[in-house]
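Chain A is the first sequence line, chain B the second, and so forth, proteins listed ahead of strands; every chain is numbered from 1.
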Amino acid sequence: GKPTKKIILLNNTESPFWDAARGGIKDAVKELKLTDAGYEASMDNNDGSGKGQVDKLKQYLTRDDIVAVGISPIDANNEAMAEQLKKLRAKGVIIICFDSDLPPEKQELRDFYIGTDNFNAGKALGTAAKVLKPDGAEYVQFVGKDTQENAVQRMDGVKSVLGDKFEEKERKLDDGKRDIAKKNVTDVIVKYPDLSLLVGIWSYNAPLIAEAIQKDKSKYTVATFDAEENAITHMAKGNIDVMVVQNPHAMGYLTVQTAFAKLNKDEATIKKIFPEGNVKDTGIKIVVPATGSPLKESDFDAIKPKVEFLTLPQFQDWLKKYGLTCS
Amino acid sequence: MSTEPLISIRHIGKSFAAVRALDNVSFDVQPGELHAVMGENGAGKSTLMKILSGVIAGYDGELWIRGNKVDFRGTRDAERAGVSIIHQELNLVDQLSVAANIFLGRELTGALGLLKQREMDGIAADLLGQLDAPIPARALVETLRVGDQQLVEIAKALSLRSDILIMDEPTSALTETEVARLYRVIDKLRARGVTILYISHKMDEVFHLADRITVLRDGRFVKTLNRKDTNPREIAHLMVGRDIEPRERSAAAAHGDVVLEVRNLSLAWPGHARGYRLKDINLRLKRGEILGIAGLMGAGRTELLECLFGASPLAPTGEILLEGQPCRFRHPAQAKQAGIALVTEDRKRLGLFSHMTVRENITICRLRELAGGGIISSGREDEATREQIRNLAIKTAGPEASIMSLSGGNQQKCIIARWLLTNPRVLLLDDPTRGVDIGAKTELYRLMDDLARAGMAIIVTSSELPELLTVSDRILVLSEGVLTAELSRAEATEQKIMEAATASSKGRAV
Amino acid sequence: MNSSVARPWRTLEFKLLVAWLIVVIVTTFADQNRSYLNYPGVCAQEILRQTILLGIVALGSSVIIISGGIDLASGSMIAMASTLFAGFMMVLDPTGFKDTEVTLSGGTVALAAAGALLGGLLVGTFHAWLITRIGLPPFVATLSTLVGLRSMARGLAKLFSDSGQINLNEEWVIRLLTSPWTLVSIFAVLVLVFWLLMSRTVWGRQLHALGGNETAALLSGIRTDKLKWLAYCLGSVCASLMGLLFLGETSAAKPESDALGFELNAIAAAVIGGCSLKGGIGTIPGTMLGCLFLSTVIDAIGKIIGTDSKVYEGLIVGIVVVFAVTFSQRSSQVKQYFSGALGWSTIPFLGLLVGTVSMFFYKNLTVAILLGSVTVLAAIGRGIWETKQAKA
Amino acid sequence: MNSSVARPWRTLEFKLLVAWLIVVIVTTFADQNRSYLNYPGVCAQEILRQTILLGIVALGSSVIIISGGIDLASGSMIAMASTLFAGFMMVLDPTGFKDTEVTLSGGTVALAAAGALLGGLLVGTFHAWLITRIGLPPFVATLSTLVGLRSMARGLAKLFSDSGQINLNEEWVIRLLTSPWTLVSIFAVLVLVFWLLMSRTVWGRQLHALGGNETAALLSGIRTDKLKWLAYCLGSVCASLMGLLFLGETSAAKPESDALGFELNAIAAAVIGGCSLKGGIGTIPGTMLGCLFLSTVIDAIGKIIGTDSKVYEGLIVGIVVVFAVTFSQRSSQVKQYFSGALGWSTIPFLGLLVGTVSMFFYKNLTVAILLGSVTVLAAIGRGIWETKQAKA
Ligand SMILES: Nc1ncnc2c1ncn2[C@@H]1O[C@H](COP(=O)(O)OP(=O)(O)OP(=O)(O)O)[C@@H](O)[C@H]1O
Ligand SMILES: Nc1ncnc2c1ncn2[C@@H]1O[C@H](COP(=O)(O)OP(=O)(O)OP(=O)(O)O)[C@@H](O)[C@H]1O
Ligand SMILES: [Mg+2]
Ligand SMILES: [Mg+2]
């Protein structure tokens with residue numbers, strides 16, 4: 001028969017964070033019966049560099065079977081990437097940004113944006129930290145590279161809510177290497193005796209912070225982003241106090257659904273997903289340990305759009321529902 | 001001679017780290033003469049020549065050429081002053097053509113600094129012609145054999161057309177025929193009025209060529225004599241500081257039974273006109289016998305020994321029997337196990353571990369036996385080393401001295417000691433006295449003699465016929481990979497050997 | 001050389017060309033999207049672009065390798081040059097650089113580019129200095145700059161913008177840097193110059209000599225220090241030039257990840273192209289064919305595998321390098337592959353290797369096991385044969 | 001050796017020890033948080049841990065370097081081993097591995113570890129095979145595995161989980177792998193064994209000989225192929241061992257980034273420790289001191305600089321390597337640093353280098369310019385002095 005048309009979601013760099021998104025893609029393919037309609041949808045891994053994404057897009061240009069491209073821009077201002085997106089669009093390929101968006105002046109290059117505002121997520125985590133540390137604290141933020149869009153936004157978001165009672169001592173980089181990430185924690189612990197708040201920005205920072213401090217956990221409050229498998233176990237052990245979790249599953253699912261609807265001129269669905277405009281916020285979850293967390297849902301009323309407040313068991317149920325191990 | 005000297009060496013001294021290589025050496029070289037410099041290994045000859053040719057810059061004392069003081073910063077300066085040198089070691093770039101090597105550093109260029117390749121090839125061909133050496137100017141040096149490479153070096157020095165030419169052991173890798181050619185070239189040069197400084201350990205050469213002879217000992221100037229007023233014995237005495245009586249091989253010592261037998265040994269040479277490096281070699285070696293193997297460069301002596309030692313690049317065909325047992329070695333380790341030892345031809349490249357001590361160099365082949373459970377017993381090792389140093393009278397500061405601090409002859413002794421430690425049944429010596437001074441040579445002869453008496457079977461190759469005639473009981477002659485003669489000590493003469501060596505050779509195959 | 005004139009089909013260059021053709025043909029049909037057939041123009045242009053970017057660096061690396069050295073720092077040099085280029089433009093004309101309305105003057109850009117190239121010259125000089133004056137082995141000298149330069153570039157980038165990334169959004173500069181014409185013309189000139197240099201000039205001859213036998217070169221009165229200086233400057237300047245173009249490619253200088261590990265590709269290309277790491281051996285045409293071959297293979301991987309091609313790229317490149325170098329060996333006496341203890345004990349790994357690779361591509365265990373065991377059996381067969389040969 | 005016995009303070013080991021002490025003292029006071037004084041225990045333990053992790057790999061690398069080879073693949077081998085270890089555990093007991101309730105049996109873990117080490121053995125054999133049978137130069141052979149192994153490991157990881165990352169959340173295994181006792185005991189044994197091997201045994205002596213003059217070694221009846229086999233197996237097995245511990249450190253195998261570029265640290269440590277890349281020269285104690293020195297420096301950078309220390313780490317490591325190797329050179333005749341064209345033209349770079357470095361740390365242009373020009377003047381002064389010396 002005629003070759004299957006492909007919907008490809010290109011991520012920024014390989015990470016368990018995307019496992020959930022893959023789950024979402026699979027579900028969408030199954031529930032929306034893409035295969036019957038002659039479509040395939042899959043996620044493609046970038047190597048973590050801007051050039052990598054550009055090269056990938058160039059590859060897509062030479063492939064007629066690709067009808068829709070979802071992309072999580074690793075470097076939103078990159079002209080070369082914009083260039084390739086233009087070319088793809090000119091070829092009639094549908095462009096959807098997921099997880100992170102293009103800057104305003106470039107937003108006409110994509111049809112839709114589906115994801116969460118990382119700055120917002122940062123604010124949510126900051127708010128949580130404020131409640132956990134009512135009378136302030138010295139804190140350090142751990143991240144792979146402080147040149148990545150989402151990292152900067154998250155960190156600035158955190159900083160923006162924490163008042164002057166909080167002092168940021170350092171931003172520790174690990175270049176995406178897990179062993180360094182762990183060593184960094186040990187280093188700052190000895191370096192700043194009064195340190196009491198540890199913020200993990202990238203998904204792997206959470207479990208490694210927990211690993212490093214679990215001996216005298218009582219001294220530290222640990223607030224992290226995303227929910228890697230080990231992070232969940234560590235929260236269960238009480239080594240993590242709060243996790244701000246995005247919804248990659250929804251990002252995957254909705255990106256595929258939107259592309260599919262758009263390709264089939266199914267305006268109804270589009271309207272349903274995007275009541276107004278072409279931006280869909282997939283929302284964030286605040287996850288706290290089963291018991292004894294001072295955090296309440298009401299603490300986050302300031303954050304718009306509304307956050308979903310879950311205890312760990314509830315969260316794990318949610319994961320089970322979608323057959324996920326992490327998010 | 002009243003004429004003002006061309007070169008005047010005044011109070012020159014040079015030290016390397018610990019070693020005082022030269023110490024207050026002064027003598028003159030007259031224009032147009034052939035001035036030989038002699039001395040033991042490590043006497044400082046090469047060092048002095050390196051100073052003369054600008055290779056070594058920093059030194060004490062003064063150097064005067066044509067009546068004005070010179071201070072060479074590099075070889076370039078020396079060449080400008082009309083001095084060129086043929087170094088003791090080969091200094092060629094294997095990956096480049098013969099012509100490229102001859103013009104290395106002085107390439108002829110045309111517009112925009114582009115090379116004039118054709119012109120250089122032409123001139124190179126002429127130079128090689130003068131040496132009547134049949135070497136194609138465009139051949140890569142790595143495809144030439146050692147002898148031809150030495151000729152290229154000579155051609156390179158000639159190409160400078162300088163009027164002072166230094167030759168540091170130019171014949172150490174050449175055989176009679178090539179040496180004869182070299183003599184002719186030297187005559188031409190002297191006719192052109194070129195002054196030549198000539199270093200060699202071969203008395204006959206020196207006495208054939210030299211006008212005057214300067215002797216160095218332990219870096220000090222000993223004496224300069226006119227050739228006519230002296231004789232080899234005196235020179236040797238001056239060199240070594242004592243008399244050395246050349247001990248004749250105790251004639252026809254009674255030999256035991258056959259240790260080594262070779263039947264129809266052949267070694268292929270793929271991609272070569274001749275097709276073989278060795279063909280149908282047959283030989284028998286008795287216990288206590290010294291068997292000499294003569295032949296021209298590339299005759300296949302080294303290959304023959306390599307085959308017996310299991311070190312040949314390809315597997316040879318035919319039979320090798322060691323005390324009646326057929327054996328085919330594919331690795332020197334097996335040969336060593338079976339009691340065969342090979343002292344290689346090219347000391348620096350194939351023998352020495354230059355970063356190691358005398359001890360480590362001597363014991364390297366015997367470690368297993370000096371070790372218990374894989375751990376080397378330093379006591380036994382040191383003992384074994386000292387014993388060898390004693391037996392072979394090796395001149396060294398001690399077992400822990402660096403091997404490079406020894407003179408060439410003593411380095412050679414260390415390598416022989418290395419193999420004697422394995423108390424082998426058959427000892428293969430490939431040109432053991434190449435570049436070794438006369439004192440050390442006679443000691444080596446004595447050593448071989450003693451070993452043979454003690455029942456060891458020895459095969460020795462050499463590029464010097466007189467040497468072979470002195471040491472060996474029997475002489476086999478190789479020519480282009482074929483055995484062309486077997487001469488007993490009684491019947492062997494240089495004449496007969498040369499005939500056999502050139503017998504089947506219709507111009508050398510390359 | 002004369003031999004190569006005699007029978008061209010025996011030359012490495014010819015072998016490489018054939019290998020390249022095979023890769024192209026295989027890709028054309030193994031790629032179910034038939035990209036080569038549908039978009040020959042685009043594909044050709046892309047491969048050419050990658051070849052040129054790799055080639056510019058490989059030119060420098062090959063000269064260094066031929067002269068008996070090695071340059072591990074070219075990747076970092078690229079990042080540094082691209083940072084300097086962007087940084088200088090920013091400093092010289094901040095408004096014009098940041099503001100998309102105000103355009104940068106050609107003078108500014110030229111000046112900035114010149115600055116970046118000068119940086120390359122300085123680094124090359126520094127390498128030569130470390131090696132000839134301090135007496136470091138080339139590997140160590142360039143290893144230290146490999147780590148040092150990139151980190152320095154990251155620091156500089158941070159000085160210019162907190163994000164440690166300098167974005168270039170000057171339309172015409174990007175156009176210029178990425179236009180095929182720019183690339184092709186620069187490359188053509190470079191290749192011609194380097195080819196003349198290495199094969200026709202005194203310097204080239206002496207560089208070969210230096211690589212082949214340093215003492216001989218020295219004793220022939222060649223200024224080896226000066227030659228090394230030349231070689232390493234050429235290497236670093238080529239890398240800087242690539243850095244300029246790289247800024248166009250990525251439209252942002254991000255030293256922490258720019259051209260990471262690119263030095264290995266350049267060295268691999270040179271080696272595939274017949275340069276010997278022992279020095280003295282190698283040609284510019286060979287190296288260029290090496291680049292064409294390597295970048296075609298990498299492109300082909302992307303075409304054929306599609307998703308996750310990056311994951312398996314290294315594996316295939318590694319295998320290709322081994323094969324290429326094996327076949328490019330002029331006269332290898334080695335024939336005993338699988339006999340002997342070492343030979344036998346290698347067979348399991350080869351089996352596993354083939355097994356895993358086929359597992360990756362067919363995602364089917366039985367196929368993997370099948371192919372793996374076929375390999376093992378073949379190897380064992382060959383091993384037995386070899387042992388027989390040795391006996392006879 | 002006798003000389004070293006005579007005056008120990010002339011030995012490289014002693015020099016390194018002094019250099020290390022200096023670094024420690026400087027760090028103690030340059031670090032305004034006084035970490036070393038406040039938490040000596042924790043700091044010491046951390047430095048020790050890093051030294052051991054680096055040291056285990058450097059042991060293997062140094063043996064290979066001494067035998068005249070090089071191993072560029074150790075970093076990738078670490079990633080591979082860590083992936084294999086995790087992967088095998090997962091395969092052998094899926095529920096026990098995934099489920100935090102169910103614990104893994106010691107047998108499973110031991111088996112998986114053994115599997116990973118066996119993998120190292122196979123890779124080492126493969127390296128030796130490529131080098132001795134195929135005839136590849138060690139640099140090329142291990143370059144191809146450098147890219148190949150990591151990509152293979154990534155592929156394997158993908159077979160286990162889409163994200164190419166295998167999480168280990170088995171409490172006791174992590175405890176065991178990260179406990180100081182495990183590390184110290186393993187390391188102590190290894191160092192002892194390797195030190196004995198290289199300094200006291202026949203093999204060690206022969207490895208030195210092999211590195212010094214391969215043909216001579218062969219013609220002395222030494223089985224050079226077997227020795228290389230030994231060296232490369234030791235190298236890869238050490239790397240695999242590190243891979244096992246690495247899994248504990250990171251509690252997840254992520255071959256994409258695990259131990260990326262670690263081979264360079266290992267080689268740098270060996271070289272700082274006095275191993276010559278030409279082969280034949282080097283000692284185990286020296287190498288270990290090199291590791292201690294390097295990991296202390298890296299730790300110190302984190303302590304002193306604070307934010308962005310990672311950014312500047314490479315720069316400082318690069319500089320340290322240059323200095324360390326320069327001073328560790330036994331008898332360097334080199335004294336003419338700045339005279340002559342090359343010398344003079346290096347001065348600008350040195351000035352800029354110092355300038356930028358001080359800019360990074362003092363964030364103050366005037367200081368930077370000041371220090372930069374001081375350097376330049378000093379260099380010029382020395383240059384003039386040298387020229388005078390040469391004249392005299
Ligand atoms: N580069 C060097 N470094 C250290 N010592 C050296 C060096 N060159 C020569 N020597 C030492 O200087 C002394 C003289 O060496 P030289 O080569 O001049 O002797 P020679 O007379 O040429 O001996 P031969 O007849 O064996 O060539 C020897 O003891 C040698 O070990
Ligand atoms: N034409 C050739 N091409 C390459 N290598 C050669 C050639 N001829 C000889 N060789 C090698 O060079 C080395 C010395 O060559 P040479 O001609 O001296 O050998 P030989 O005559 O057998 O021994 P000797 O040097 O003692 O006369 C030997 O190892 C030999 O294998
Ligand atoms: Mg000499
Ligand atoms: Mg010979």
J.: Check the pair D:E263, D:T142 against side chain to side chain donor-acceptor pair (under 3.5 Å), reporting the backbone distance first and the verdict last.
T.: CA-CA 11 Å; D:E263 61 276 0; D:T142 55; over 6 Å; no
J.: Tell me, out of D:L196, D:L197, D:I222, who's got the most heavy-atom pairs with chain B below 4.5 Å.
T.: D:I222
J.: Top residue by heavy-atom pair count (under 4.5 Å) with chain D, among B:C365, B:S354, B:A311?
T.: B:C365
J.: Scan side-chain atoms only and decide if B:T344 and B:D346 contain a donor-acceptor pair under the 3.5 Å cut-off.
T.: no
J.: Which word best sums up how the rings of D:F126 and D:W129 line up, parallel for under 30°, tilted for 30 to 60°, or perpendicular for over 60°?
T.: parallel
J.: Which atoms of B:L370 are under 4.5 Å from chain D, going by heavy atoms: the side chain, the backbone, both sets, or neither?
T.: neither
J.: Would you call B:E381 and D:R205 a salt bridge, using N to O less than 4.0 angstrom?
T.: yes
J.: Counting only non-hydrogen atoms closer than 4.5 Å, does B:E369 touch chain D with its backbone (N, CA, C, O), its side chain (CB onward), both, or neither?
T.: neither
J.: Side chain, backbone, both or neither: which part of B:S378 has a heavy atom under 4.5 Å from chain D?
T.: neither
J.: Got a salt bridge between B:D71 and B:R73, using NZ or NE/NH1/NH2 to carboxylate O under 4.0 Å?
T.: yes
J.: Determine the option with the most heavy-atom pairs under 4.5 angstrom with chain D, choosing from B:Q334, B:H355, B:K336, B:H331.
T.: B:H331
